[in-house]
Participant: 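What follows is a single structure, and I will ask about it in a moment.
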Amino acid sequence: MFEVSNDTNRRTVTVRLKGFVRPNEMKDFAAAYRTATDTYAKGRHLVLADMRGLKALEPESATLFGEVVQYGRERGCLVCVHVSDSVIARLQTARVASETVTENGDITVNCVSIEEADKQLAKARTQHFLVNEPAVAHAR
C-alpha cells in the first residue's frame with residue numbers, strides 16, 4: 001500500500017509505504033512520487049517518508065525504491081525525514097538512501113514518530129525557506 005501527497009505551500013512531498021510493496025506497486029509509487037517531485041521543477045523541497053508498517057522490500061522493489069530516492073535528490077530534495085517502526089525496514093531503507101549521492105551528503109533524518117518528524121520538517125523549513133539572512137541584515 002502506498003500514498004503520495006504534495007503540500008506545495010509547505011514544499012513537502014509526503015509518502016506513505018505500508019505492508020508488502022511488490023514491484024508492480026513500487027512502480028506505481030515511483031510514478032506518483034516522480035509526478036509530485038516534478039511540481040518543484042528541480043526547486044528545493046522536503047520529503048516525509050512515513051514507512052510505519054512497511055515490510056522488508058524484495059530486491060526488485062528495493063532497487064526501484066533506490067532509483068526513486070535518487071530521482072528526488074537529484075531534483076531538489078533538501079531533507080528526507082523517515083519514520084519507521086520496523087528495524088529491518090529502517091535498516092533496508094537507510095542502506096538504500098545512503099547509496100544516493102547529493103552535494104549535501106546524507107540528507108536523511110530518521111525519526112521514531114510523526115511528531116518528531118513534524119519538528120524536523122519545521123526546523124528544515126526554517127533553515128531553508130525563510131528570508132535570506134544577509135538580505136535582512138542589509139535592510140536594517
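Note: hydrogens, waters and symmetry copies are ignored here, and every other heavy atom, side chains too, is used.
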Participant: Out of curiosity, Q120 CD to H82 NE2, how far, rounded to the nearest 0.5 Å?
Facilitator: 13.0 Å

Participant: Would you say that M1 contacts V21 through its side chain, given a criterion of any heavy-atom pair below 4.5 Å between the two side chains?
Facilitator: no

Participant: Quick one: pull up CG in D50 and OG1 in T14 and give me the separation to the nearest 0.5 Å.
Facilitator: 8.5 Å

Participant: Are V69 and F2 linked, directly or through other ILVMFWY residues, by side chains that come within less than 4.5 angstrom of each other?
Facilitator: yes

Participant: Quick one: are R75 and D38 in side-chain contact, heavy atoms under 4.5 Å?
Facilitator: yes

Participant: Are V109 and V79 packed together at the side-chain level, in the sense that at least one heavy-atom pair is separated by less than 4.5 angstrom?
Facilitator: yes

Participant: Nearest heavy-atom pair of N110 and E116: which atoms, and what distance?
Facilitator: O-OE2, 4.1 Å

Participant: Heavy atoms, side chains only, cut-off 4.5 Å: are V13 and V4 in contact?
Facilitator: yes

Participant: Got a sec: does the CZ of R16 have more than 12 other heavy atoms crowding it under 6.0 Å?
Facilitator: yes

Participant: Over all heavy atoms of both residues, which pair between G19 and L54 is shortest? Give the atoms and the distance, please.
Facilitator: O-CD1, 3.4 Å

Participant: Atom OG1 of T37 and atom CG of N6: how far apart are they, to the nearest 0.5 Å?
Facilitator: 8.0 Å

Participant: Check whether any side-chain heavy atom of L64 lies under 4.5 Å from a side-chain heavy atom of E67, and answer yes or no.
Facilitator: yes

Participant: Report yes if the side chains of L17 and F65 come closer than 4.5 Å at any heavy-atom pair, otherwise no.
Facilitator: yes

Participant: For V81 and A117, work out which heavy atoms get closest and say how close.
Facilitator: CG1-CB, 3.5 Å

Participant: Supply the atom-to-atom distance K27 NZ to R22 CZ, rounded to the nearest 0.5 angstrom.
Facilitator: 14.0 Å

Participant: Quick one: pull up CD1 in I114 and CG in L48 and give me the separation to the nearest 0.5 Å.
Facilitator: 5.0 Å

Participant: Between R11 and F129, is NZ or CZ placed under 6.0 angstrom from the six-membered ring centre and within 45° of the ring axis?
Facilitator: yes

Participant: Can any side-chain N or O of T35 pair as donor or acceptor with the backbone N or O of Y33 at less than 3.5 Å?
Facilitator: no

Participant: So does D85 pair up with R52, basic N to acidic O under 4.0 Å?
Facilitator: no

Participant: Under 4.5 Å between any side-chain heavy atoms of M26 and L57, yes or no?
Facilitator: yes

Participant: From C77 SG over to I107 CD1, what is the distance, rounded to the nearest 0.5 angstrom?
Facilitator: 4.0 Å

Participant: How are the rings of H45 and Y40 set relative to one another: parallel (under 30°), tilted (30 to 60°) or perpendicular (over 60°)?
Facilitator: parallel

Participant: Taking C-beta and beyond as the side chain, do E25 and S61 meet within less than 4.5 Å on heavy atoms?
Facilitator: no

